[in-house]
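Convention: sequence-line order gives letters A, B, ...; per-chain numbering from 1.
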There are 2 protein chains.
Amino acid sequence: MTYCVGLFLDRGLVFMSDTRTNAGVDNISTFRKMFTWEKPGDRFICLMNSGNLATTQAVVSLLEERTKPHNDRAPTLFAAPSMFQVARLVADTLKEVISNHAQTGQRADSTFNATLILGGQVAGGPPRLFLIYPEGNFVEAGEDTPFFQIGETKYGRPILVRSFDPAMSFEAAVKLLLVSFDSTVKANLSVGLPFDLQVYESDSLRAGSSTRIEANDPYYQAISDGWGEALKSAFDSLPDFTFDSDPD
Amino acid sequence: MTYCVGLFLDRGLVFMSDTRTNAGVDNISTFRKMFTWEKPGDRFICLMNSGNLATTQAVVSLLEERTKPHNDRAPTLFAAPSMFQVARLVADTLKEVISNHAQTGQRADSTFNATLILGGQVAGGPPRLFLIYPEGNFVEAGEDTPFFQIGETKYGRPILVRSFDPAMSFEAAVKLLLVSFDSTVKANLSVGLPFDLQVYESDSLRAGSSTRIEANDPYYQAISDGWGEALKSAFDSLPDFTFDSDPD
C-alpha cells in the first residue's frame with residue numbers, strides 16, 4: 001500500500017508521499033512515489049502514485065518519452081497548454097499502460113491499477129490539483145474538497161477533516177501532513193518512512209521547497225512524540241461519561 | 001458497514017456498537033447489532049456483529065433455540081461450562097449459518113459473512129473477550145491486544161492505539177469509545193448513530209450499565225464538538241515545520 005496526500009491551500013500546493021512498496025509483508029522496498037517536472041517561468045508539475053509501481057514508472061517513462069533517443073525527446077508534458085491538458089495526457093497514458101499490461105495475459109487487472117494525484121500550474125492558468133483514476137478519468141479539487149488522499153487513506157483522514165484550513169501556512173500544512181502520516185504509519189505496516197515533501201507556491205511557476213523526511217528526522221520525532229502527548233491532553237480535557245444512577 | 005469495539009479493561013469489559021445497516025447508500029436502516037444474555041450470579045455474555053445482518057440474526061436465533069417450542073428451549077449458551085466453550089458454540093453456529101446460506105445457490109460468499117466480537121464471563125472463570133471469524137475460528141484479547149474492532153475500523157483506530165489504557169475507568173473508556181466512533185461517523189456514511197453501550201464489571205456476573213446514545217445526546221454532542229476544539233488546540237500546541245533556508 002501507500003499513502004500520499006495533496007493539499008490545495010490558498011497560497012499554493014503541498015504534496016507528501018511515503019516511500020514503502022510491498023508485495024507481501026516479506027517483500028518490502030523503498031521507492032520514490034513522487035515525480036516532478038519543472039520549466040521555470042512556464043510550469044511546475046508534481047505527480048504521486050498509489051497502486052502498481054511498475055504501472056506508474058511506465059507512465060512516467062512514457063511521459064518523458066524515454067522510448068525515443070535522448071536528443072529526440074520533447075515531452076508533451078512541457079507542450080500541453082494547460083493543467084487540464086496535462087491531466088488528460090497523464091490519465092490517457094495511465095489508462096493505456098494498464099490496458100497494455102492487462103492484455104498480455106495476466107488477468108488480475110487490479111494488480112496493474114494505479115491511482116494518481118497530479119498538481120501544478122501552467123503559465124496563464126491557476127494552480128490545479130487532480131485525482132486521476134485507473135479508468136483514465138479524473139476529478140479536480142475545489143473549495144468543497146481541497147485535498148486528495150490516495151492509498152491507505154482512512155487512518156490519517158480524521159485529522160485532515162478536522163484541522164485542514166485552506167488559509168494555513170506551508171509550515172502548518174507540513175505539520176498537519178506529518179500528523180496524518182504518523183497516525184497512518186503507527187497503524188499500518190504498508191506505509192513507511194521516509195516521506196517525500198514538495199511545496200509549490202502559487203504563481204511561482206517553479207518548484208518550491210522539497211525535502212525527504214527520514215525516520216530519525218528531529219522534527220518528525222518531535223511531532224510523533226508530541227502528538228501522542230497532545231492527544232492525551234486533549235482527551236483528558238474532555239469530560240468523562242457519567243453513568244445514570246440506578247433508576248428509582 | 002458497521003463499527004463495533006470491545007475493550008478489555010482491568011476492571012471489566014466495555015462494548016459499543018453502531019446501529020446502521022446498509023445495502024447501498026439508498027437502503028439504510030437502524031438495527032441493533034449488540035445482543036446480550038445474562039443469568040445473574042452465573043454468567044453474562046455480549047455479542048456484537050459486523051457483516052451480514054441476516055447471518056448474525058440467524059446465529060442469535062439458533063443460539064436461543066428459537067427452532068424449538070418456547071417450553072423446550074434450553075439455550076446451550078447457558079449450559080456451556082466456560083467462555084471458551086461459549087466462543088466455540090457461537091463460532092460453530094456462525095460457520096454453519098454461513099455455510100448453509102452459501103449452499104442454497106447464492107455464490108457471493110462474502111455477502112453472508114459476519115465477524116463477531118464476543119465477551120463475558122462464566123462463573124468460575126475470568127472475563128474473556130474474543131474475535132470470531134466467519135471461518136469459525138477465533139482469537140482472544142490479551143495484554144498485548146486488549147481491544148478488538150470490527151467493521152469500519154481504520155478511522156477510529158489511531159485514537160484507540162494512542163489513548164487506550166487498561167487501567168482506565170469505565171467513564172473514561174466510554175469517552176474514548178465516543179471519540180473513536182465520532183471520528184468514524186464523520187468520515188464514513190456507513191456508520192451511524194445511535195450507538196449501543198454495554199458495560200460489564202469483572203466478577204459481577206450480571207449485566208452492567210447499558211444505554212443507547214442518540215445523535216442528540218448532550219454528552220455525545222459535547223464530545224463531538226469538544227474533540228474538534230481539543231484537537232485543534234493539540235495541533236496548535238505542536239511546533240510548525242521550518243523550511244531550511246536556501247543552501248549556501
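Under 3.5 Å, the side chains of B:N22 and B:S190 contain no donor-acceptor pair of N or O atoms. With hydrogens and angles left out, the side-chain atoms of B:Q221 and B:N216 include no donor and acceptor closer than 3.5 Å. With hydrogens and angles left out, the side-chain atoms of A:S180 and A:Y3 include a donor and acceptor closer than 3.5 Å.
For the set B:S237, B:A230, B:S163, the entry with the most heavy-atom pairs within less than 4.5 Å of chain A is B:A230. Across B:K232, B:R157, B:K186, the residue that shares the most heavy-atom pairs under 4.5 angstrom with chain A is B:K186. Note on B:A172, B:A187, B:G228: by heavy-atom pairs under 4.5 Å with chain A, the leading option is B:A172. Options B:P239, B:G226, B:S233 differ in how many heavy-atom pairs under 4.5 Å they form with chain A, and the most are formed by B:P239. Options A:T242, A:V161, A:L176 differ in how many heavy-atom pairs under 4.5 Å they form with chain B, and the most are formed by A:L176. In terms of heavy-atom pairs under 4.5 Å with chain B, the best-connected choice from A:L238, A:V174, A:V199 is A:L238.
Judged by distance alone, with hydrogens and angles left aside, the side-chain atoms of B:T56 form a donor-acceptor pair with the main-chain N or O of B:N52 at under 3.5 Å. B:D18 places no side-chain N or O within donor-acceptor distance of the main-chain N or O of B:T2, the cut-off being under 3.5 Å.
Looking at A:T153, neither its backbone nor its side chain comes within 4.5 Å of chain B, counting heavy atoms on both sides. There is no contact between A:T184 and chain B, counting heavy-atom distances below 4.5 Å. Neither the backbone nor the side chain of A:Y220 comes within less than 4.5 Å of any heavy atom in chain B. Heavy-atom distances place no part of B:E229 under 4.5 Å from chain A, backbone and side chain included. When heavy atoms are compared at a cutoff of 4.5 Å, A:F235 approaches chain B by way of both its backbone and its side chain.
Between B:F147 and B:F164, the ring center distance clears the sub-6.0 Å criterion.
A:M16 contributes atom CE, which lies 13.5 Å from atom NZ of A:K33 (distance to the nearest 0.5 angstrom).
Contact check on A:E201 versus A:R11 returns no salt bridge, with no Lys/Arg side-chain nitrogen under 4.0 Å from an Asp/Glu carboxylate oxygen.
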